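Everything on this sheet refers to the single structure shown next.
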Amino acid sequence: MSVEQAPVQRADFDQVMVPNYAPAAFIPVRGAGSRVWDQAGRELIDFAGGIAVNVLGHAHPALVGALTEQANKLWHVSNVFTNEPALRLAHKLVDATFADRAFFCNSGAEANEAAFKLARRVAHDRFGPEKHEIIATVNSFHGRTLFTVSVGGQPKYSDGFGPKITGISHVPYNDLEALKAQISDKTCAVVIEPIQGESGVVPADVAYLQGARELCDKHNALLIFDEVQTGVGRTGELFAYMHYGVTPDILSSAKSLGGGFPIGAMLTTEALAKHLTVGTHGTTYGGNPLACAVASAVLDVVNTPEVLAGVKAKHQKFKARLEQIGEKYGLFTQVRGVGLLIGCVLSEAWKGKAKDVFNAAEKEGLMVLQAGPDVVRFAPSLVIDDADIDEGLDRFERAAAKLTQG
Ligand SMILES: *Cc1c(COP(=O)(O)O)cnc(C)c1O
């Protein structure tokens with residue numbers, strides 16, 4: 001039975017919402033695969049994927065099936081009880097990764113919050129209160145809670161909210177010498193995004209991650225990989241650490257993990273996990289049966305040789321055409337990234353104008369993303385059809401042509 005709903009439009013946002021976002025002028029109402037329709041029935045191709053979240057596009061039958069099946073059984077019991085979907089999902093993640101233990105939460109920020117608290121707790125238990133320093137990287141992004149903006153390397157997100165969490169320093173990304181100079185026996189953890197996502201799609205060098213691993217081992221510090229954006233098939237491997245061949249002690253996941261249903265996870269080893277004893281950490285919704293049922297279905301589909309190989313093939317398709325478009329219109333100088341996390345670095349003439357590219361693409365019926373003001377980012381569904389890629393890139397080329405030719 002459908003209930004009559006009051007009509008709403010974009011203008012309502014400014015009347016009833018906190019103004020911390022600036023959403024586009026149209027309102028999406030329906031999606032199927034990599035196509036989205038707005039209130040007016042206009043169709044768009046989705047290269048944004050809800051910011052690297054809709055890993056299997058919109059309304060994927062396996063995810064709709066998992067969600068509706070679970071919705072008819074059990075929604076929520078809290079962590080006073082465990083539940084079958086959470087245990088099944090934890091088994092799948094443990095079987096597929098370095099980890100022996102999983103902690104579930106509801107977002108990337110919460111997964112990182114758990115990771116940072118675990119690292120500090122381990123150091124406190126093993127070495128005492130002096131060993132609490134966290135080293136992060138300049139321009140990194142780890143979420144919007146006070147701890148995660150303090151660890152994040154972008155002061156614009158942490159300034160103006162009173163005292164920050166202390167004991168955190170920031171070193172330039174991909175600079176092993178800088179990390180070497182900063183790390184000490186007071187360091188409890190080094191946190192790195194294998195590919196910096198929000199600040200411009202900047203992949204780490206293999207030698208940097210290998211060197212960070214060695215430095216952490218030397219100083220009894222834990223290596224945390226924030227894989228909130230790079231995880232769950234995005235790079236063509238289940239997690240980016242597999243692409244690099246460098247294993248962290250703690251890994252945070254979210255975004256793609258739920259394919260659009262909110263869930264986060266912190267993965268770690270048994271030896272570390274045991275420091276979060278009963279009562280030391282928690283969240284009411286963490287491990288919610290609906291979220292875990294969907295995430296299990298996501299993993300079943302994504303963690304297959306066909307889908308992961310497909311990501312690598314689709315990367316080549318995007319990269320070749322984007323390089324052509326960049327050159328033809330003088331719009332960008334470099335196409336970088338791994339798998340289906342791709343960044344186009346705007347040329348000198350277009351520096352700072354990623355929003356203009358976003359707007360031009362939208363006019364042609366294409367959803368893209370920015371990653372800072374200088375980079376246009378693509379994070380589409382991992383199973384996007386080749387026909388949708390071609391059509392989307394045609395639309396992108398039209399946008400580039402109109403933008404650059406006035
Ligand atoms: C998006 C993101 C986060 C924050 O995730 P939320 O779900 O928005 O809290 C943290 N780290 C990285 C690398 C991200 O890309």
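In this chain, residues are counted from 1 in sequence order. All of these numbers come straight from a predicted model, not from anything done at the bench. Just so you know, ligand 1 is whichever comes first in the structure, and atom 1 is the first atom listed for that ligand.
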Assess R42 against F26: is NZ or CZ under 6.0 Å from the centre of the six-membered ring, and within 45 degrees of the ring's axis?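 Yes.
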
May I ask you to check whether [Y] and [X] place their ring centres under 6.0 Å from each other?
{"X": "Y241", "Y": "F98", "result": "yes"}
{"X": "F396", "Y": "F378", "result": "yes"}
{"X": "Y173", "Y": "Y208", "result": "yes"}
{"X": "F116", "Y": "F147", "result": "yes"}

For ligand 1, note which part of [X] has a heavy atom under 4.0 Å away: side chain, backbone, both or neither.
{"X": "N112", "value": "side chain"}
{"X": "S107", "value": "both"}
{"X": "E193", "value": "side chain"}

Which option out of S253, G143, G258 puts a heavy atom nearest to atom 4 (C) of ligand 1?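 Nearest option to atom 4 (C) of ligand 1, by heavy atoms: G143.
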
Quick one: which of G197, P262, P194, G108 has a heavy atom closest to atom 7 (O) of ligand 1?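 Among G197, P262, P194, G108, the closest heavy atom to atom 7 (O) of ligand 1 belongs to G108.
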
With heavy atoms of H142 as the reference, note each atom of ligand 1 found under 4.0 Å away.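 Counting from 1, the qualifying ligand atoms are 10 (C), 11 (N).
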
Partner of Q229 under side chain to side chain donor-acceptor pair (under 3.5 Å), picked from R234, E198, Q196, is E198

So is there a nitrogen or oxygen of K255 less than 3.5 Å from a nitrogen or oxygen in ligand 1? yes

Does the N or O separation between F141 and ligand 1 drop below 3.5 Å for any pair? yes

Which word best sums up how the rings of Y157 and F141 line up, parallel for under 30°, tilted for 30 to 60°, or perpendicular for over 60°?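 Taking F141 first and then Y157, their aromatic rings stand perpendicular (interplane angle over 60°).
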
Among protein heavy atoms, which sits nearest to atom 9 (O) of ligand 1, and what does the distance come to when rounded to 0.1 Å? A109 N, 2.8 Å

Please write down residue, atom name and distance for the protein heavy atom closest to atom 11 (N) of ligand 1. D226 OD2, 2.7 Å

